[in-house]
**Q** 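Can you read through this structure? Questions will come right after.
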Amino acid sequence: MLIVAQIRENKEKFIAALAKRNFDASAIFEEVLQLDETRRSTQTQLDKVLAESNRLSKEIGMLFKSGEHQKANKVKEQTAGLKEESKQLTDLLQSTQEALQERLYNIPNIPHESVPAGKSEEDNECIFTAGEVPQLHEDKLPHWELAKKYDLIDFELGNKVTGAGFPIYKGKGARLQRALITYFLDKNIEAGYTEYQVPLVVNEASGYGTGQLPDKEGQMYHVQNDDLYLIPTSEVPLTNMFRGDLLTDKDLPIQCTAFTPCFRREAGSYGAHVRGLNRLHQFDKVELVNLVKPSESYAVLDQMVEHVKGILKELKLPYRILRLCGGDLGFTSALTYDFELFSTAQDRWLEISSVSNFEDFQANRLKVRYKNSQGEKELVHTLNGSSLALPRVLAGILENYQTPEGIKIPEVLVPYTGFDIID
RNA sequence: GGAGAAAUGGCAGAGUGGUCGAAUGCACCGGUCUUGAAAACCGGCGAGGGUCACACCUCCGGGGGUUCGAAUCCCUCUUUCUCCGCCA
């Protein structure tokens, strides 16, 4: 959520920046500024009425105490009008605040200056490529065929138990997945992150806090009986742990990691791009969340990118890094780097990690602040990234490590899997 | 699931209708003293809105109500604790 005072001061600059997202902010900014003006003037009027009625109340109290009941009752009569007035002003204030909030909730974050303009993923900017694309044998298969051939993942069984998009992993498929989870968590802990286990359902306030609500309402599974939402990513519970907190500069940076399943309705997805593990309703992910001082957030973003690079290097997978263009940038993000793994058998790139700096956009919604060394209160910056999303990494390993003899296991994972080939 | 009790500042804990944003202690910050530290003493010390700065307003788990006036009374929700029941 943007800060109103900043919209007021940087209106033209922000409009230009949001244009990179193809978001025309000029009208909504006018509404916001107008509503804020109304809000403040209403507040001032209300304060005056309340001050007067507080003053009279005290007077009445003193008159009663000194036994001057008649005088007191006379003063009482004066309060009736004030009461009515304060009620009207309170109602106006509340409706103004709600309208303002509603506008603010629907304005996306200001993209960082390095974000390229663009409409879709076509316009993302590739900034780094690494790893060798392996030369596979003639009969190479996509991962869904491999999963069937070696009995690693049963999609039909998932359809039977739940529905499309809920695969069942079995045998070495399940063990490889579990190995990856543990390996990722270990790498994150090694880098200084603290591991958490968090709830998989969250309340509405948490959904608003990290920005899934109201922007992505239809993407989350909603448990209506209890008004709870299945998490689309552990970013939601991890970041919301700090909702409303006033931290000290000694508490920062806060570095959290968690493994959780993620649930996404993926309404509107279809076709070949959702085949196999490419897009699921339930998938596993290990996530990183950072809360840092504003001055450090871009350095931390770079560290997170380096961290993910380190993991992919150890797994010896071919990948590239994209700087997302304005049109592809998430609602809450100021700058996002996507990691994409090259799927040799499918001959396409698969997104496996997304690392973002939200600056103070989430922190302002969540009201996560800290007292800096001068004792001033400031919003923190929040960042998160996947390290990593499981299914597509699994798909990439299956496809890139396939040989006529079977699927080799990346060396670094063998201590975790306990086997070095799937055959 | 049933019965009862409770929710106050970072923590502990007073306050049961009027000048209470709230005693006191601990913690924390600054100062005096000390070679330095501790102790002792002095001072400061919740959050939000608003203002150039004050003033002023709001907040005692959340929401609603009674009243001229609510931390205090009423309703409701949530959470915690104790006892009983059930249970991986």
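Order of the sequence lines fixes the chain letters, A, B, ..., with proteins taken first and strands second; residue numbering starts at 1 for each chain.
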**Q** Listing request: all ring pair (Phe, Tyr, Trp, His ring centres under 6.0 Å) pairs with a residue in residues 290-312 of chain A, at least two apart in sequence or in separate chains.
**A**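 As it turns out, the ring pair (Phe, Tyr, Trp, His ring centres under 6.0 Å) pairs with a partner in residues 290-312 of chain A, which skip direct neighbours, are H112(A)-Y298(A).
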**Q** Kindly say whether I421(A) contributes a backbone atom to a donor-acceptor pair with the side chain of K172(A) at under 3.5 angstrom?
**A** yes
**Q** Among D328(A), I127(A), N124(A), which residue meets the side-chain contact (heavy atoms from CB on, under 4.5 Å) test with L322(A)?
**A**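 Going through D328(A), I127(A), N124(A) one by one, the side-chain contact (heavy atoms from CB on, under 4.5 Å) with L322(A) is satisfied by N124(A) alone.
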**Q** Can you tabulate the close N/O pairs, meaning under 3.5 Å, that link protein atoms to atoms of nucleotides 48-55 of chain B?
**A**
unit_1	atom_1	unit_2	atom_2	d
G48(B)	OP1	R369(A)	NH1	2.0
G49(B)	O3'	R39(A)	NH2	2.8
G49(B)	N2	D47(A)	OD2	3.0
G50(B)	OP1	R39(A)	NH2	2.8

**Q** Based on Watson-Crick and G-U pairs with both distances under 3.5 Å, what dot-bracket line describes RNA chain B 5' to 3', crossing pairs as [ ] and inter-strand pairs as |?
**A** ((((((((.[[[..)..(.....]]].(((((.......))))).((((......)))).[[[[[..)....]]]]])))))))....
**Q** Going by number, which of residues 72-81 of chain A have a non-hydrogen atom under 4.0 Å from RNA chain B?
**A** K76(A), T79(A)
**Q** Any side-chain hydrogen bond (donor to acceptor under 3.5 Å, both in side chains) pairs touching residues 411-423 of chain A, not counting sequence neighbours?
**A** D186(A)-Y416(A)
**Q** Not counting sequence neighbours, which residues clear side-chain hydrogen bond (donor to acceptor under 3.5 Å, both in side chains) with E77(A)? List them please.
**A** none
**Q** Rounding to an integer number of angstrom, what distance separates C45(B) and U24(B) when you compare their C1' atoms?
**A** 15 Å
**Q** To the nearest angstrom, how far is K87(A) atom NZ from G64(B) atom P?
**A**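 Computing the K87(A):NZ to G64(B):P distance gives 11 Å.
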**Q** Round to the nearest Å and state the distance from Q94(A) atom CD to G63(B) atom P.
**A** 10 Å
**Q** Taking only residues two or more places apart in sequence, or in another chain, which ones meet K367(A) in a side-chain hydrogen bond (donor to acceptor under 3.5 Å, both in side chains)?
**A**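 Residues passing side-chain hydrogen bond (donor to acceptor under 3.5 Å, both in side chains) with K367(A): N364(A).
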**Q** Under the rule for side-chain contact (heavy atoms from CB on, under 4.5 Å), what residues qualify as partners of S57(A), not counting sequence neighbours?
**A**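 Not a single residue meets the side-chain contact (heavy atoms from CB on, under 4.5 Å) criterion with S57(A).
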**Q** Could you measure between the two C1' atoms, the one in U72(B) and the one in A55(B), and give it in whole Å?
**A**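 After rounding to an integer number of Å, I get 29 Å for this pair.
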**Q** In whole Å, what is the span from the CD atom of E52(A) to the P atom of C68(B)?
**A** 17 Å
**Q** Pick base, sugar-phosphate or nothing for K371(A), based on heavy-atom distances below 4.0 Å to the nucleic acid.
**A**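 Sugar-phosphate contact only.
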**Q** With sequence neighbours excluded, give me every side-chain hydrogen bond (donor to acceptor under 3.5 Å, both in side chains) pair touching residues 381-396 of chain A.
**A**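 Counting only pairs at least two positions apart or across chains, the side-chain hydrogen bond (donor to acceptor under 3.5 Å, both in side chains) contacts touching residues 381-396 of chain A are N188(A)-S387(A), E235(A)-N384(A), S297(A)-H381(A), Q362(A)-T382(A).
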**Q** Considering only the C1' atoms, how many Å lie between A71(B) and G17(B), rounded to the nearest integer?
**A** 11 Å
**Q** With sequence neighbours excluded, tell me which residues meet side-chain contact (heavy atoms from CB on, under 4.5 Å) with Q177(A).
**A** Y169(A), I181(A), D284(A), L390(A), L394(A)
**Q** Rounded to whole Å, please give me the gap between NZ in K250(A) and C1' in A27(B).
**A** 12 Å
**Q** What integer number of Å spans the C1' atoms of G49(B) and A38(B)?
**A** 43 Å
**Q** Is there a donor-acceptor pair under 3.5 Å between the side chain of T38(A) and the backbone N or O of Q34(A)?
**A** yes
**Q** Aromatic ring centroids of F64(A) and H69(A) under 6.0 Å?
**A** yes
**Q** Would you say that H143(A) contacts Q346(A) through its side chain, given a criterion of any heavy-atom pair below 4.5 Å between the two side chains?
**A**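 Answer yes - side chains close enough.
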**Q** To the nearest Å, give me how far apart CG (L366(A)) and P (A47(B)) are.
**A**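 Value for this atom pair: 20 Å.
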**Q** On a whole-Å scale, what distance lies between the P atoms belonging to U8(B) and G61(B)?
**A**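 That atom pair is separated by 6 Å.
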**Q** How far, in whole Å, is A6(B) from G21(B) if one measures between their C1' atoms?
**A**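 Looking at atom C1' only, G21(B) and A6(B) are 23 Å apart.
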**Q** Verify, without hydrogens or angle tests, whether K170(A) (side chain) and D151(A) (backbone) share a donor-acceptor contact under 3.5 angstrom.
**A**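 It does not hold such a pair.
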**Q** Is the distance between the ring centroids of Y105(A) and Y208(A) under 6.0 Å?
**A**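 Between Y105(A) and Y208(A), the centre distance is under 6.0 Å.
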**Q** For Y193(A), enumerate each residue passing the side-chain hydrogen bond (donor to acceptor under 3.5 Å, both in side chains) test, keeping only those at least two apart in sequence or located in another chain.
**A** N290(A)
**Q** What distance, rounded to whole Å, do you find between the two C1' atoms, one in A47(B) and one in A22(B)?
**A** 14 Å
**Q** Phosphate oxygens OP1/OP2 of G69(B): is one of them under 4.0 Å from a side-chain N or O of N54(A)?
**A**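 For G69(B), OP1/OP2 do not have a side-chain N/O of N54(A) under 4.0 Å.
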**Q** Rounding to an integer number of Å, can you tell me how far K83(A) NZ sits from G65(B) P?
**A** 11 Å
**Q** For G48(B) and G10(B), measure between their P atoms and round to the nearest Å.
**A**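 Straight-line distance between the two P atoms is 11 Å.
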**Q** Find every protein N or O atom lying less than 3.5 Å from an N or O atom of nucleotides 17-21 of chain B, and list the pairs.
**A**
unit_1	atom_1	unit_2	atom_2	d
G18(B)	N2	S57(A)	O	2.7

